[in-house]
Amino acid sequence: MTRWQRRDLWLGLAFVSPWLIGFLVFTVYPVVASLYFSFTDYNVVSAPRWIALRNYTDLFADPLFGKTLYNTLYLAVIGIPVSLLVSLLIAMLLNNKVRFQGLFRTLYFLPSVVPAVAAALLWRWFLNPDYGPVNEFLWLFRINGPGWLADPVWSKPALIFAGLWGVGGSMVIYLAGLQNVPVQLYEAADLDGAGRWQRFRFVTLPMLSPVILFNLIMGIITSFQAFTNIYIMTGGGPSNSTLVYALYLYQNAFQFFRMGYASAMAWVLLVITAVALVGVFRTSGWVYYEADG
Amino acid sequence: MAARRGRWNAGIYLILVVGALFFLTPFAWMVSTSLKTDAQVFAIPPEWVPAPVMWSNYARLMKEIPFLRYLGNTVLVTVLSVTFYVASSAVVAYGFSRIRWPGRELLFYCLLATMVLPPQVTLIPQFVMFQKLGWVGTFLPLVVPALTGSAFAVFLLRQFYAAIPNDISDSARIDGANEWQIFSRIVLPLAKPALATAALFIFIWTWTDFLNPLIYLTDDRLYTLAIGLQQLASTRAAAWPLLMAGSLLMSVPIIVLFFFAQKTFIAGVSTAAVKG
């Protein structure tokens, strides 16, 4: 290494040192410690006691663990495609040259900046089966609305429905993607006599696929970690029908002080997230990158 | 053809307006409920226009919970977090983009990896660490980590710095400027728009953050608005006018900010995703 290269190494390290220190203290050390805790019985008050794989074997024998896993996957498998589709649809509509375009975009985006606590309180009230506006609205059509958050059958669909209020974030990402589609491609498709559906299927969809992949990945990450809205809207009820993974993990760690058990849960979550993301990348042959074409 | 196009456009408008109602109605309901009497809240069919208009709900909210104290706590935590995050991220991003050094790429991949790591994995050891330091029950666990930068902000700023021509730094170097001077006097002023974008995002995260205050703030004199409101909701389950007044007051600063900075905000969301 020359003198100048060494100087640049030290300079570079000096500039990134705030992050580097934080990375070591707030990521690397906690990751290692959390792996260690996951093999111990630990309640914070007394020192961790090594119990090898007991937490993990207990997990798979815990009926609530299976339940929370099911609830989380339900919300992901149904919720992610629904919100991807709705936000894409809105983005396509707003990409048309319509009047008040800016106003519409603002209206659709606004809910995604509302604090989660406020949004969750609002929807808890909105979806109240007895006097909530949603069921009142349904009654206009003589439909007897379900119990929503109060009914174990409807609680998960209700969470997905309320979640649609915040699709503005992915909508904006789609909009940006749509604006990057070269106009020439549509012109060429027009010359070939393509209809609306064909233009969507053979131009828009392929050109948008990297953005769809991005939104899908973000959807997986956020839905596996969903906590605040559910904590406030249902607290996991009724009859644990909305007890999701992150909520149960929080309860174990900070309400029951089973830190070792919760750490094991965190590691299972890490593995599930990693498997899901690798799975998505492995099957991402449908994503079209301009560079390949 | 023209008729078909006309019908298509009418259809688009119809869907857009119905959709806008879905997105807007909850806000209107929030405002309306915050001005109702406790009894009128449960009226069937729901009444949209409160009669009488209970402005006093807002005064009642201030009496029911120490709202101004929670507001002050939230402002303090948010201002410190935003300042710390933006300042440290601005420095770190410089090291990741304007200086070439061996190991830079590897460490940058580590930074990107932290964005995907579920926070639950680091949550418990961090809590134990802060507890051993005696920081649980203070603002320290909420603001000190901000000094080490935010991976998202570093990523955003690095993209921006990388677009600044190298000639500018080189000519400053020939004039005898050191790296810190180049950073603080040349690159940083040029990066103002990107800094503003990062600050905006971090402002919204910390203002609305629920999980960290929930875990670390044990003393109700230190509660932030998010926790204070949740407490109110769990103790006064049916006090909807108060809850909606509180929710509205907590949302207003963000909505106002968003109103003035929509372009920056939306550009930020899309740059991170599409051009990243």
Side-chain angles (χ1 to χ4, degrees), chain A residues 8-9 11-12 15-16 18-19 21-23 26-27 29-31 33-34 37 44 90 93 96 98 104 106-108 110-111 113-118 121-122 125-126 131 133 136 165 169 172-173 176-177 180 211 214 221 224-225 227-228 232 246 249 253-254 259 262-263 266-267 269-270 273, chain B residues 12-13 15-16 19-20 23-24 26 29-30 42 44-46 88 91-92 94-96 99-102 104 107 110-111 114 116 118 120-122 124-126 128 131 145 147-149 154 179 204 207-208 210-211 215 226 229-230 233 240 243 247 250-251 254-255 258 262 266 269-270 273-274:
Chain A
D8 279 350
L9 174 63
L11 261 175
F15 271 95
V16 304
W19 171 77
I21 293 167
F23 178 62
F26 297 123
T27 305
Y29 164 74
V31 165
S34 146
F37 287 160
V44 190
I90 299 175
L93 284 170
N96 283 300
V98 289
F104 277 123
T106 309
L107 287 184
Y108 285 86
L110 207 51
V113 296
V114 169
V117 178
L121 283 174
L122 181 70
W125 161 240
F126 242 60
Y131 45 77
E136 285 302 324
W165 198 50
V172 166
I173 294 169
N180 282 352
V211 184
F214 176 86
I221 293 172
F224 282 4
Q225 296 167 8
F227 173 81
T228 302
I232 291 165
L249 196 158
F254 300 101
M259 294 283 180
S263 296
W267 275 86
L269 179 66
L270 179 64
T273 311
Chain B
I12 290 178
Y13 278 109
I15 300 173
L16 280 178
F23 284 90
L24 202 60
W29 190 254
M30 211 193 265
F42 302 103
I44 292 173
S88 52
V91 176
V92 171
Y94 190 87
F96 275 124
I99 305 169
R100 279 189 185 284
W101 44 282
R104 187 178 83 167
L107 280 181
C110 289
L111 178 126
T114 61
V116 199
Q120 282 85 357
V121 175
T122 53
I124 294 167
Q126 275 184 29
V128 173
Q131 209 193 30
L147 286 169
T148 68
V154 170
E179 212 62 42
I204 293 184
W207 186 268
T208 62
F210 180 71
L211 182 60
I215 291 171
L229 261 186
Q230 199 276 329
W240 287 110
L243 289 175
S247 301
M250 188 186 169
S251 310
I254 294 196
I255 292 175
F258 174 73
Q262 312 184 25
I266 288 179
V269 174
S270 40
V274 180

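Just so we're on the same page: letters track the sequence lines, and every chain starts at 1. Just so it is clear, the values below take in all heavy atoms, side chains as well, and ignore hydrogens, waters and symmetry mates.
- With chain A as the partner, the residue from B:Pro102, B:Ser88, B:Gly149 showing the most heavy-atom pairs under 4.5 Å is B:Pro102.
- Most heavy-atom pairs under 4.5 Å with chain B: of the set A:Leu9, A:Ile221, A:Leu122, A:Leu107, this distinction falls to A:Leu122.
- The contact between B:Ile215 and chain A is made entirely by side chain atoms (from C-beta outward), counting heavy-atom distances below 4.5 Å.
- In terms of heavy atoms, A:Phe15 sits closest to B:Gly95 at CB-CA, 3.5 Å.
- Per-residue counts of heavy-atom pairs under 4.5 Å with chain A were compared for B:Pro145, B:Pro26, B:Ala20; the largest is that of B:Pro26.
- Interface check for chain B: of the options A:Phe26, A:Phe37, A:Phe23, the most heavy-atom pairs under 4.5 Å are formed by A:Phe26.
- Under the side-chain contact (heavy atoms from CB on, under 4.5 Å) criterion, A:Pro111 pairs with A:Trp165, B:Phe23, B:Phe27, sequence neighbours left out.
- For the set A:Trp125, A:Phe224, A:Phe104, the count of heavy-atom pairs under 4.5 angstrom toward chain B peaks at A:Trp125.
- The nearest pair of heavy atoms linking B:Ala233 to A:Leu121 is CB-CD2, 3.5 Å.
- For the side-chain hydrogen bond (donor to acceptor under 3.5 Å, both in side chains) test, residues two or more places apart in sequence or in another chain that qualify with B:Tyr94 are B:Glu179.
- Residue A:Thr273 touches chain B through its side chain alone, counting heavy-atom pairs closer than 4.5 Å.
- When each of A:Leu11, A:Ile21, A:Ile90 is scored by its heavy-atom pairs under 4.5 Å with chain B, the top score falls to A:Leu11.
- Looking only at heavy-atom pairs under 4.5 Å with chain B, the residue among A:Asn96, A:Val114, A:Val113 that has the most is A:Val113.
- Put simply, of A:Gly22, A:Ala266, A:Ala262, A:Pro18, the one with the most heavy-atom pairs under 4.5 Å next to chain B is A:Pro18.
- Using a 4.5 Å cut-off between heavy atoms, B:Arg100 contacts chain A through its backbone alone, with no side-chain atom that close.
- Separating the CG atom in A:Leu249 from the CZ atom in A:Phe227 is a distance of 9.5 Å, to the nearest 0.5 Å.
- With rounding to the nearest 0.5 Å, the separation of CE in B:Met250 from CD1 in B:Ile255 is 11.5 Å.
- With a 4.5 Å cut-off on side-chain heavy atoms, A:Tyr108 and B:Leu16 count as touching.
- A side-chain N or O of A:Ser34 and one of A:Trp267 form a donor-acceptor pair less than 3.5 Å apart.
- For B:Val121, the parts lying near chain A are the backbone and the side chain together; criterion is any non-hydrogen pair under 4.5 Å.
- Contacts of B:Phe258 with chain A are made by side-chain atoms alone, with heavy-atom separations under 4.5 Å and no backbone atom involved.
- Comparing B:Thr114, B:Leu24, B:Leu107, B:Val116 by heavy-atom pairs within less than 4.5 Å of chain A, the highest count is held by B:Leu107.
- Of the atoms belonging to B:Ile204, it is side-chain heavy atoms, and not backbone ones, that fall under 4.5 Å from chain A.
- Separation of atoms CH2 (B:Trp101) and CZ (B:Phe96) is listed at 5.0 Å; rounding is to 0.5 Å.
- In plain terms, the two heavy atoms of A:Val117 and B:Gln230 that are nearest each other are CG1-N, 4.5 Å.
- Heavy-atom distances place the side chain of A:Glu136, and not its backbone, under 4.5 Å from chain B.
- Using a 4.5 Å cut-off between heavy atoms, B:Ser251 contacts chain A through both its backbone and its side chain.
- In this structure, CZ in A:Phe254 is found 5.5 Å from CD1 in B:Ile124, a value given to the nearest 0.5 Å.
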